[in-house]
Amino acid sequence: MPEYGRHIQKMVDYLRTIEDPEKRQKNAEIVIEIMGALNPHLKIVEDFRHMLWDHLFLIADFDLDIKSPYPIPTREIRERKPEPLPYPEVSRKLRHLGKNLNTILEKAMAETDEEKRRGFTNTIAYYMKLSYSNWHHEPAHDDMIKEELKEISHGRLNYVEGDIKVRVDTKAFNNHNKRNGKGGYKNGGGRNNNHNKNNRNKQKRNA
C-alpha cells in the first residue's frame, strides 16, 4: 500500500521475524499507531482503527500471527467476487414514457374514489404531455394524449381534454428548429433573405 510508504512495509516485514508472540503483538500495536499518525486525514473515516488493522494484515500479505480487536481479514474474503446482480426486467411497451409510469398506472386503475382517480389521470396525462414535448420538441395535442392513455390503461382511464395545460418553451423549440434547418437563418429566411433581396436590387440598378 503506497500511501503508507516503504518504511511501514519494512516494519511489517520485521514483525513477521519476531518469534516472541508478546513482543510481536506489542510491536504490531506500535506500527498501528505510526500508520495512524502518517495518515491523520483518514481519521474522519468511520471506524478508523478497524481500517488500520485491516491494512496491516493486507500489507503483511495476510501472513501475520497477531491478535486483532477486529475480525481478521483473509485473502479469500478480500478476493471473493460479489454475487451478480439480476438484470432488471422492465416492460418495453412504455419505454418512451419511462418505467415508473407503470406503477402510477396501476395505482390509478386500482383507485375507487372518483376524485382521486381523476387526479391520478390528470397527473399521468400531464407527464405524458411533458415527455412528448421534451422528446419531440413540439406541443402534444389533447386528443393524442387521450387516445394513448386510453390504450395503455385498457380503457379504464379517461382523460378530459383541457383539464391540464403544459407550459411550452417556444424559445427552446425555435432554437431546435434553427439547429435542424427548420426556418431561421439556415433556411434563407430572416436577415439573410432581406440581404439577398437588397443585393439583387443593387445589381438591377447598376445594370
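The first residue in the sequence is number 1, and the count goes up from there.
Partners of Arg49 according to the side-chain hydrogen bond (donor to acceptor under 3.5 Å, both in side chains) rule, which considers only residues two or more places apart in sequence or in another chain, are Glu33.
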Exercise. When you look at Met11 and Met35, which way does the side chain to side chain contact (heavy atoms under 4.5 Å, CB included) test go after all the steps?
Worked result: CA-CA 11 Å; Met11 292 179 187; Met35 291 169 61; over 6 Å; no

Q: Before giving the answer on side chain to side chain contact (heavy atoms under 4.5 Å, CB included), spell out for Arg117 and Leu157 the whole-Å C-alpha distance, their side-chain angles and the decisive distance to 0.1 Å.
A: CA-CA 8 Å; Arg117 190 185 185 91; Leu157 298 179; 4.0 Å; yes

_side chain to side chain contact (heavy atoms under 4.5 Å, CB included) assessment of Leu15 paired with Ile18_ = CA-CA 5 Å; Leu15 287 177; Ile18 301 175; 4.2 Å; yes

Checking His41 against Asn39 for the side chain to side chain contact (heavy atoms under 4.5 Å, CB included) test, could you report, in this order, the C-alpha distance in whole Å, the side-chain angles of both residues, the deciding distance, and whether it holds?
CA-CA 5 Å; His41 61 283; Asn39 295 273; 3.5 Å; yes

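Contact record, Asp65 with Arg24: O-NE, 2.9 Å, taken as the closest heavy-atom pair. Closest non-hydrogen pair, Ala60 versus Arg16, comes out as O-NH1, 3.1 Å. Scanning both residues, Asp113 and Lys116, for their nearest heavy atoms gives OD1-N, 3.0 Å. Residues Pro73 and Phe62 share a closest heavy-atom pair of O-CD2, 3.6 Å.
Side-chain atoms of Asp13 and Thr17, non-hydrogen and from C-beta on, never get closer than 4.5 Å to each other. Using a 4.5 Å heavy-atom cutoff, the side chains of Thr123 and Ile104 are not in contact.
The distance from the CG atom of Leu56 to the CD1 atom of Ile32 is 4.5 Å, given to the nearest 0.5 Å. Atom CG of Leu58 and atom CG of Leu64 lie 12.0 Å apart (nearest 0.5 Å). Glu76 CD to Thr74 OG1: the interatomic distance, rounded to the nearest 0.5 Å, is 5.0 Å. Rounding to the nearest 0.5 Å gives a distance of 10.0 Å between CD of Glu106 and CG of Leu101. From Ser153, atom OG reaches atom CD of Glu148 across 10.5 Å, with rounding to the nearest 0.5 Å. If you take CZ on Arg78 and CZ on Phe57, they are separated by 14.0 Å, rounding to the nearest 0.5 Å.
A donor-acceptor contact shorter than 3.5 Å links the side chain of Arg75 to the backbone of Asp61.
Identified under the side chain to side chain donor-acceptor pair (under 3.5 Å) test for residues 51-60, with sequence neighbours left out: Tyr4-His55.
No more than 12 heavy-atom neighbours from other residues, nucleotides or ligands sit within 6.0 angstrom of NE2 on His141. Applying the 6.0 Å contact sphere to CD of Glu3 captures more than 12 heavy atoms from other residues, nucleotides or ligands.
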